[in-house]
Amino acid sequence: MSDATADPRDPSETAPPAAEAGAYRRPRTAAAVAAAVLFAAVAVVIAVTTPWNPLPGSVPGGHVRPDPAPDFSPAEIHRAAAFDHALNWPAYLRLVTALVVVLGLGFSPLGARLLGRLTARTRRWPLRVLVGTVVLTSLTWLVSMPFAAWGESILRDYGLSTQSWTGWFTDQLKSLGVTWVTYAIALLLLVGLIRRFPRYWWTGAAAGACVLVVAASFAYPVMVEPVFNKFHSLPAGKLRTDLLDMARRDGVPVSDVLVADASRRTTSLNAYVSGFGSTRRIVVYDTLLTSMSTPRIESIVAHELGHAKNDDVLHGTLIGALGAAGGVCLLYLLLTSPRLLRRAGMSAPAARRPGREEAARDPSVRNRGAADPRALALTLALIALATQVEGPVQNLVSRHIEARADAHALNLTRDPMTFATMQHELSVRNISTLTPDAVETQLWSDHPTGPERIAMARDWARMHHVAEPPPLVHH
Ligand SMILES: [Zn+2]
């Protein structure tokens with residue numbers, strides 16, 4: 001039986017805990033210092049490189065206050081608020097339910113017990129890690145599913161979704177598959193390191209986390225995006241020529257603009273940049289091409305060129321890599337805490353890697369602390385908690401980087417009127433929240449709001465003595 005800690009004769013219960021705590025004193029101190037240094041580095045990099053003032057310079061007559069009223073009709077404002085209100089329910093309930101399940105399994109013995117039972121007959125640890133990964137991620141996926149379907153039904157009510165339920169469910173399954181693969185790679189490497197280097201795995205894991213974050217961001221456009229969408233080059237013609245000309249003028253080496261077949265899923269409008277180096281790509285939704293005027297599409301692509309020119313994806317990836325390394329050091333401190341392990345139904349970690357003879361005598365010695373694949377429930381709970389904490393920071397930085405790309409678009413096109421009407425159309429077509437509350441902003445807002453973006457167009461016009469976009473709605 002591999003369920004070691006359920007055995008009351010488990011030597012970890014009787015061994016003096018002092019010896020083990022002693023073995024971990026030095027590596028834990030080192031990991032704590034490394035975590036502090038890495039998080040401080042993240043904070044400094046964020047503080048120094050985030051464009052806190054995306055449109056530098058003084059605005060004659062002062063900054064324009066973001067306000068939906070002059071630019072959105074009462075019907076548009078009402079519709080956006082109603083949509084936001086409707087979507088909030090499934091979104092918050094989904095978040096809370098998933099967290100309750102993941103944290104409940106990880107911070108109590110329930111998760112370890114579940115995994116122990118499911119892998120009782122599985123001897124090889126990699127297989128136990130795979131089973132644990134698949135079971136825990138699928139369980140989270142499963143409890144989220146009703147709320148995801150609820151959200152999708154609201155998108156449908158508002159005419160944003162063009163998918164059949166079969167198509168939608170296939171997408172959900174594909175997402176789960178992507179989660180399985182990414183978590184399986186990361187967790188197999190992690191548990192492998194923990195088993196091989198019980199006291200110093202955090203050094204290798206921190207370096208590995210950096211590499212994995214960079215590799216994932218690089219590979220994402222060519223390995224993950226094609227799972228969900230088909231892409232083709234923007235066909236030859238005036239639009240393509242204009243966009244590539246604009247990129248050349250801007251000094252951004254862009255050889256192609258890709259079109260995603262988003263219309264098979266949504267009516268919403270979007271464009272984005274992903275990848276870096278040889279995988280970098282500018283993608284526009286096909287919905288954009290069929291419904292927007294050429295000048296507005298140019299304004300959008302000018303924003304994307306801003307991301308490309310500033311290497312925003314690479315920059316964000318490097319911050320993410322640094323943060324992931326810090327996160328791993330913190331994870332080590334928590335996964336070697338006897339108190340937390342006990343709470344999760346796990347034994348204390350081994351003081352050193354058990355020798356072959358020792359393991360032959362008692363196979364359970366290889367499964368101490370987080371070396372035991374059953375500890376994955378606790379590991380995933382800690383990862384979920386970390387993701388929840390870093391989300392608002394990431395959104396805060398993202399909103400400023402997006403505002404800088406907006407400023408770039410205004411500088412490149414020098415056409416605040418087109419920019420403002422384009423932002424209005426984006427907000428209305430995507431039914432974007434015009435005035436999110438503080439919690440929504442923290443949790444979900446990675447872009448400035450439509451009214452904020454239109455206000456920036458007016459600021460830009462004032463600064464450059466160009467005609468300021470008039471109110472877009474005539475009351
Ligand atoms: Zn952007």
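Whatever order the structure lists them in is the order used to number ligands and atoms, beginning at 1.
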All side chain to side chain contact (heavy atoms under 4.5 Å, CB included) counterparts of Ser161, not counting sequence neighbours: Glu152, Leu155, Arg156, Gln163
Ring-face cation contact, Tyr158 with Arg79, 6.0 Å cut, 45° max: no
Within-2.8 Å protein N/O/S contacts of the Zn ion (ligand 1): His303 NE2, His307 NE2, Glu402 OE1
We want to know whether Trp180 and Ser138 form a side-chain donor-acceptor pair, criterion being a heavy-atom distance below 3.5 angstrom. yes
Assess, by modelled atom type and distance only, whether the side chains of Arg265 and Asn229 contain a donor and an acceptor separated by less than 3.5 Å. yes
Just by distance, no angles: are the side chains of Glu440 and Tyr92 close enough, under 3.5 Å, to form a donor-acceptor pair? no
Indicate the ring-plane relationship of His424 and Phe72, choosing parallel, tilted or perpendicular according to the 30° and 60° boundaries. tilted
